[in-house]
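Read the structure below first, then the notes.
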Amino acid sequence: MNSTTDYFKIDDLLTDEHKLIRQSVRDFVDNEIKPVIDDAAQHHKDIPGLMKKLGAIGALGPYIPEEYGGAGLDQMSYGLIMQELERGDSAVRSAASVQSSLVMYPIYTFGSEEQKRKYLPKLATGEFVGSFGLTEPNHGSNPGGMETRLTKNGDHYLLNGAKMWITNSPICDIAVVWARDEEGKIRGVIVEREMQGFSTPETLNKWSLRASKTGELVFENVKIEESQILPEVKSLRGPLSCLNSARYGISWGVIGAAIDCYDSALKYSLERTQFGKPIASYQLQQKKLAEFITEITKAQLLCWRLGTLKNENKATSEQISMAKRNNVKMALDIARESRQIIGAMGIVGDFPMMRHAANLESVITYEGTHDVHLLITGADITGINAFV
């Protein structure tokens, strides 16, 4: 019997360091996340001390150089870390992904030396929690319609506007916020929690990502000094490059959710008997399981190649879009279908399928919806932009 989730021996393509990193994060998830995640999700509460725990295992900004508090790892390592965290829960991977790709990445890439040294080490340890402000109440898939404004006011600026659907906003210490200046250029701003006029109302009654905090970022004449503005970017290239990094992490992460569902369904099917034999012996159940491992394997190969290209600085945003769209849909389909193998027991917290399925309903929408990523591929292969 071949029950491994490494069906095509992709481990042979990884280094010993990659496998060691993956195992350390896997152990963390098994010991720190799995015992508490159902209770957190059922009761809509976050995991106490999560960010500092993630910092302690090197899961925050792992590709940031060591001189700024990161681990200096490659992109394959980052992907494997995201995979193992999402095997625990999408909310855990989201927390690490936002901190790494949407907060630390822009500060490292577009920030001043002073900004890097002030914020990155504390973000890497989880002492600071960061959030990312791009999506607005009236502008989700069209960030170019941004209404948040950064206006010159004497020797400083005033920030006005609102962002919504922001992971970690109610608990963030800083936020990297994107706003349009008086020249119409998109600027990145670092907003700190104690700044007057900055508030972060929480979004309640979620059916998805219930083990993490979501909210808004609201700015009412927030005073911004020049030292809080990211100096190296003045266009949408800034936030979009952050999204590329986050989408890459998501494409790996959701494989972890799919593997968790597959492993649970396979184990159950071998133990559960009906009509005198294990349900794994029936053709329809074998069909489901065989399709699960096939789709997981295809997603793994896609991510391995994408990780290789990313390490070589050759991965395109279109390639990342394809991987994000394909892999999230794959994981969501497996979560739904694997629940059927478990039957009625699949709706309770003893099994992870319903929790993963609910989470993935958010993941298939955020960082670019399934449909938008489809159109990105369409525009790339036809040369025709269907957005306008």
Side-chain angles (χ1 to χ4, degrees), residues 90-91 93-94 97-98 101-103 105-106 131-150 160-169 175-181 184-189 201 203 206-209 212 214-219 233-254 306 315-333 358-388:
S90 298
R93 194 267 311 143
S94 281
S97 179
V98 167
S101 290
L102 302 182
V103 181
Y105 174 85
S131 63
F132 174 84
L134 179 62
T135 300
E136 297 185 351
N138 296 322
H139 303 284
S141 296
N142 177 28
M146 187 181 300
E147 296 176 32
T148 300
R149 290 292 185 268
L150 185 67
N160 283 281
K163 308 290 184 176
M164 70 184 305
W165 305 118
I166 310 300
T167 294
N168 286 344
S169 87
V176 173
V177 178
W178 301 92
R180 192 181 298 280
D181 68 14
K185 295 177 180 177
I186 304 298
R187 309 298 303 274
V189 178
T203 301
K206 297 183 300 179
W207 285 111
S208 182
L209 297 175
S212 67
T214 306
E216 301 173 52
L217 303 173
V218 180
F219 317 102
V233 65
K234 295 183 179 181
S235 70
L236 269 176
R237 180 178 70 87
L240 294 183
S241 68
C242 301
L243 293 177
N244 271 339
S245 181
R247 290 163 179 166
Y248 168 74
I250 290 168
S251 69
W252 276 95
V254 294
L306 187 61
T316 67
S317 59
E318 291 82 7
Q319 289 167 336
I320 294 170
S321 276
M322 178 183 283
K324 192 270 183 182
R325 182 186 64 84
N326 179 82
N327 291 7
V328 178
K329 180 63 161 57
M330 172 278 299
L332 182 55
D333 288 346
N359 287 338
L360 290 164
E361 287 290 351
S362 288
V363 182
I364 204 168
T365 300
Y366 72 32
E367 314 288 1
T369 68
H370 185 76
D371 291 346
V372 164
H373 285 299
L374 196 69
L375 293 181
I376 289 172
T377 303
D380 193 41
I381 61 178
T382 65
I384 303 170
N385 185 351
F387 291 99
V388 293

Closest approach of Ser141 to Thr369 (non-hydrogen atoms, all atoms of both residues): OG-CG2, 4.0 Å

Can a donor-acceptor pair be found between the side chains of Ser101 and Ser245 at a distance below 3.5 Å? yes

Set of residues satisfying side-chain hydrogen bond (donor to acceptor under 3.5 Å, both in side chains) with respect to Ser241, sequence neighbours excluded: none

Which heavy-atom pair separates Pro143 from Leu236 by the least distance, and what is that distance? CB-CD2, 4.1 Å

Glu367 vs Ile320, test: side chain to side chain contact (heavy atoms under 4.5 Å, CB included). Steps then yes/no. CA-CA 11 Å; Glu367 314 288 1; Ile320 294 170; over 6 Å; no

Indicate whether the side chain of Ser94 and that of Tyr366 have a donor and an acceptor atom separated by less than 3.5 Å. yes

Can I get a per-line list of side-chain donor-acceptor pairs under 3.5 Å for residues 374-384, giving both atom names and the distance, sequence neighbours left out?
unit_1, atom_1, unit_2, atom_2, d
Thr377, OG1, His373, O, 3.3
Thr382, OG1, Gly378, O, 2.7
Thr382, OG1, Ile384, N, 3.1

Residue pair Pro239 / Phe132, side-chain heavy-atom distance below 4.5 Å: yes

Would you find more than 12 non-hydrogen atoms of other residues, nucleotides or ligands less than 6.0 Å from Met146 atom CE? yes

Given side chains that start at C-beta, do those of His370 and Val328 come closer than 4.5 Å, heavy atoms only? no

If you round to the nearest 0.5 Å, how far is CD of Glu147 from NE2 of His139? 3.5 Å

Going from OG on Ser212 to NZ on Lys206, what distance comes out if it is rounded to the nearest 0.5 angstrom? 4.0 Å

Do Ser317 and Leu240 have side chains that approach each other closer than 4.5 Å (heavy atoms only, starting at C-beta)? no

Would you find a donor on one side and an acceptor on the other, under 3.5 Å apart, between the side chain of Asn359 and the backbone of Ser208? no

Below 4.5 Å, heavy atoms only, C-beta onward: do Val176 and Leu134 meet side chain to side chain? no

Nearest 0.5 angstrom please: Arg180 CZ to Thr148 OG1, how far? 10.0 Å

CG of Leu217 to OG of Ser131: how many Å apart, nearest 0.5 Å? 4.5 Å

Minimal non-hydrogen separation, Ser90 against Leu209, with atom names: CB-CD2, 3.6 Å

Derivation and outcome, side chain to side chain contact (heavy atoms under 4.5 Å, CB included), residues Phe387 and Val372: CA-CA 8 Å; Phe387 291 99; Val372 164; 3.8 Å; yes

Go through the steps to decide whether Ile186 and Arg237 satisfy the test side chain to side chain contact (heavy atoms under 4.5 Å, CB included), and finish with yes or no. CA-CA 9 Å; Ile186 304 298; Arg237 180 178 70 87; over 6 Å; no

What distance separates Lys163 NZ from Trp178 CH2, expressed to the nearest 0.5 Å? 10.0 Å

Over all heavy atoms of both residues, which pair between Val363 and Lys324 is shortest? Give the atoms and the distance, please. O-NZ, 2.9 Å

One pair to check against side chain to side chain contact (heavy atoms under 4.5 Å, CB included): Asn244 and Thr316. What are the steps and the verdict? CA-CA 9 Å; Asn244 271 339; Thr316 67; over 6 Å; no

In this structure, SG of Cys242 is separated from CZ of Arg247 (nearest 0.5 Å) by 10.5 Å

